[in-house]
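Quick caveat: nothing in here was measured; it's all calculated off a predicted structure.
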Amino acid sequence: MKKLCLICALLLFLTGCGQETGLTSSSGPDETPLAVASSSQMAPMEDVVDPDMVPIYADSLKDGVYPVAVDSSSSMFKIESCELTVENGQMTAAMYMGGTGYLKVFMGTGEQATQAADADCIPFQEQDGVHTYTVPVEGLDMGVPCAAFSKNKEIWYDRTLVFRADSLPLDAFQEGVYPTAASLSLSDGNYTVEAELGGGSGKASIQSPAALRVENGQAVVTIVWSSSNYDYMRASEKMFYPVQTEGNSTFELPVPVFDRKLTVCADTTAMSTPHEIEYTLCFNSASIQPAP
């Protein structure tokens with residue numbers, strides 16, 4: 001009888017060794033915490049992936065080093081600045097972090113990170129007290145999964161990153177990536193185009209479709225604001241002033257490319273002191289029609 005009990009105890013021990021105790025929930029002091037943080041253990045996540053985004057890959061870019069904006073799904077994984085390196089058909093990004101709470105990252109999900117070899121994880125580099133991670137980038141304008149290992153909690157946190165193509169200078173792109181008046185074979189004349197405004201507080205709007213003029217092969221759009229309180233606009237470090245003195249603020253701006261968000265600033269006088277507000281403008285090439 002004693003021998004039988006010993007055999008049963010040994011079988012129970014062997015069965016228990018095969019369980020993934022590292023994935024059990026932490027509800028008591030003797031239990032192992034989660035290897036991957038659950039949604040209840042994370043700060044609220046932001047959806048940073050726009051379903052209308054079209055991924056941009058390394059073959060669409062010229063070799064070089066460019067500053068790039070990165071959107072993170074979590075405020076707890078804040079990227080202060082980032083440099084994108086494009087070389088020989090590959091992209092990497094040096095992310096300068098706003099905190100020091102993570103020991104390493106893995107370019108994939110937290111679940112994949114728990115199964116990965118430590119050599120496949122990317123440790124931080126420290127410079128002047130700032131943690132930096134240099135990571136491979138599959139593409140711009142797409143959701144990139146990134147798991148971060150917490151120094152204090154010793155668990156992985158799932159994040160989603162978007163490296164934004166609209167933050168790169170236009171000369172970083174290969175010719176033909178974005179349509180232009182020339183590539184669309186637009187002859188000199190007057191057209192209309194759907195115009196999309198982004199950024200700001202969301203209170204302002206612009207007229208759409210907007211008037212589009214092609215002159216000597218160059219496209220110029222007329223921006224008509226919903227307000228009369230803008231006294232100038234700035235695009236590509238050039239200043240533009242209203243083309244009329246009455247009615248809603250109206251500007252004429254060059255359109256170097258279509259189908260890409262172009263960053264502009266508009267100075268408003270509606271508040272106690274004038275100040276610039278950053279917006280984006282995007283013009284849909286498929287919507288271009290001859291003016292009636």
Side-chain angles (χ1 to χ4, degrees), residues 50-57 59-62 64 66-69 86 140-141 164-200 202 204-268 276-292:
D50 184 339
D52 295 328
M53 282 181 174
V54 177
I56 299 289
Y57 299 102
D59 59 1
S60 295
L61 299 170
K62 300 174 184 176
Y66 309 101
V68 62
V86 184
L140 312 179
D141 284 1
R164 288 172 38 198
D166 64 355
S167 67
L168 269 61
L170 274 175
D171 58 11
F173 294 87
Q174 299 282 1
E175 187 176 349
V177 173
Y178 294 109
T180 64
S183 68
L184 293 171
S185 301
L186 295 178
S187 57
D188 285 3
N190 296 314
Y191 303 84
T192 61
V193 62
E194 289 182 6
E196 180 182 350
L197 177 71
S205 62
I206 59 173
Q207 189 178 95
S208 181
L212 181 73
R213 182 178 78 255
V214 178
E215 190 174 304
N216 298 322
Q218 304 299 312
V220 176
V221 68
T222 300
I223 300 296
V224 180
W225 289 91
S226 57
S227 163
S228 60
N229 296 316
Y230 294 100
D231 59 352
Y232 70 80
M233 292 185 68
R234 185 165 53 83
S236 300
E237 301 307 317
K238 295 182 180 179
M239 303 290 289
F240 299 89
Y241 296 94
V243 295
Q244 62 187 45
T245 57
E246 297 181 356
N248 289 0
S249 300
T250 303
F251 299 83
E252 290 189 343
L253 303 179
V255 183
V257 294
F258 297 89
D259 302 339
R260 165 188 159 96
K261 290 182 179 180
L262 304 170
T263 300
V264 299
C265 289
D267 189 72
T268 178
E276 288 188 352
I277 302 175
E278 186 172 283
Y279 296 97
T280 61
L281 294 171
C282 188
F283 305 102
N284 182 358
S285 65
S287 71
I288 298 174
Q289 298 289 335

Shortest non-hydrogen separation from L197 to W225 and the atoms involved
CD2-CZ3, 3.8 Å
Taking all non-hydrogen atoms of both residues, which atom of T192 and which atom of P209 are closest, and how far apart?
CB-CB, 4.1 Å
Going from OG1 on T263 to NZ on K261, what distance comes out if it is rounded to the nearest 0.5 angstrom?
9.5 Å
Spatial distance of atom CZ (F240) from atom OH (Y232) [nearest 0.5 Å]:
13.0 Å
State whether the side chain of D231 and the backbone N or O of T268 hold a donor-acceptor pair below 3.5 Å, judged by distance alone.
no
Nearest heavy-atom approach of C282 to D259 is SG-C, 3.8 Å
Can you tell if the side chain of P256 reaches within under 4.5 Å of the side chain of Y178, non-hydrogen atoms only?
no
Could you tell me whether the side chain of C265 reaches within less than 4.5 Å of the side chain of Y279, counting heavy atoms only?
no
Closest non-hydrogen contact found for A165 with R260 is O-NH1, 3.0 Å
Just wondering, are more than 12 heavy atoms of other shown residues or ligands nearer than 6.0 Å to CD in E276?
yes
Go through it in stages, so that I can follow the logic: the residues are L140 and L168, the test is side chain to side chain contact (heavy atoms under 4.5 Å, CB included), and I'd like the CA-CA distance, side-chain angles, deciding distance and then a yes or no.
CA-CA 10 Å; L140 312 179; L168 269 61; 4.0 Å; yes
Would you name the heavy atoms of S187 and Y191 that are closest together and state the gap between them?
O-OH, 2.7 Å
Distance col, row L253:CG vs K238:NZ, nearest 0.5 angstrom, shows 11.5 Å
dist T250:OG1 -> M233:CE (nearest 0.5 Å) comes out at 11.0 Å
When rounded to the nearest 0.5 angstrom, what is the spacing between CD in Q174 and CG in D59?
8.0 Å
In terms of heavy-atom contacts, does CD of Q244 have more than 12 from other residues, nucleotides or ligands at under 6.0 Å?
yes
Any heavy-atom pair between the side chains of V193 and V255 that's under 4.5 Å?
no
S285 and F258: which non-hydrogen atoms are nearest, and at how many Å?
CB-CB, 3.8 Å
Pairwise side-chain hydrogen bond (donor to acceptor under 3.5 Å, both in side chains) hits with a residue in residues 210-221, at least two apart:
R213-E215, R213-E252
For side chain to side chain contact (heavy atoms under 4.5 Å, CB included), just list the numbers for I223 and V264, CA-CA rounded to whole Å, side-chain angles, deciding distance to a tenth of an Å, and then say yes or no.
CA-CA 12 Å; I223 300 296; V264 299; over 6 Å; no
State the CE-CG distance between M53 and D141, to the nearest 0.5 angstrom.
5.0 Å
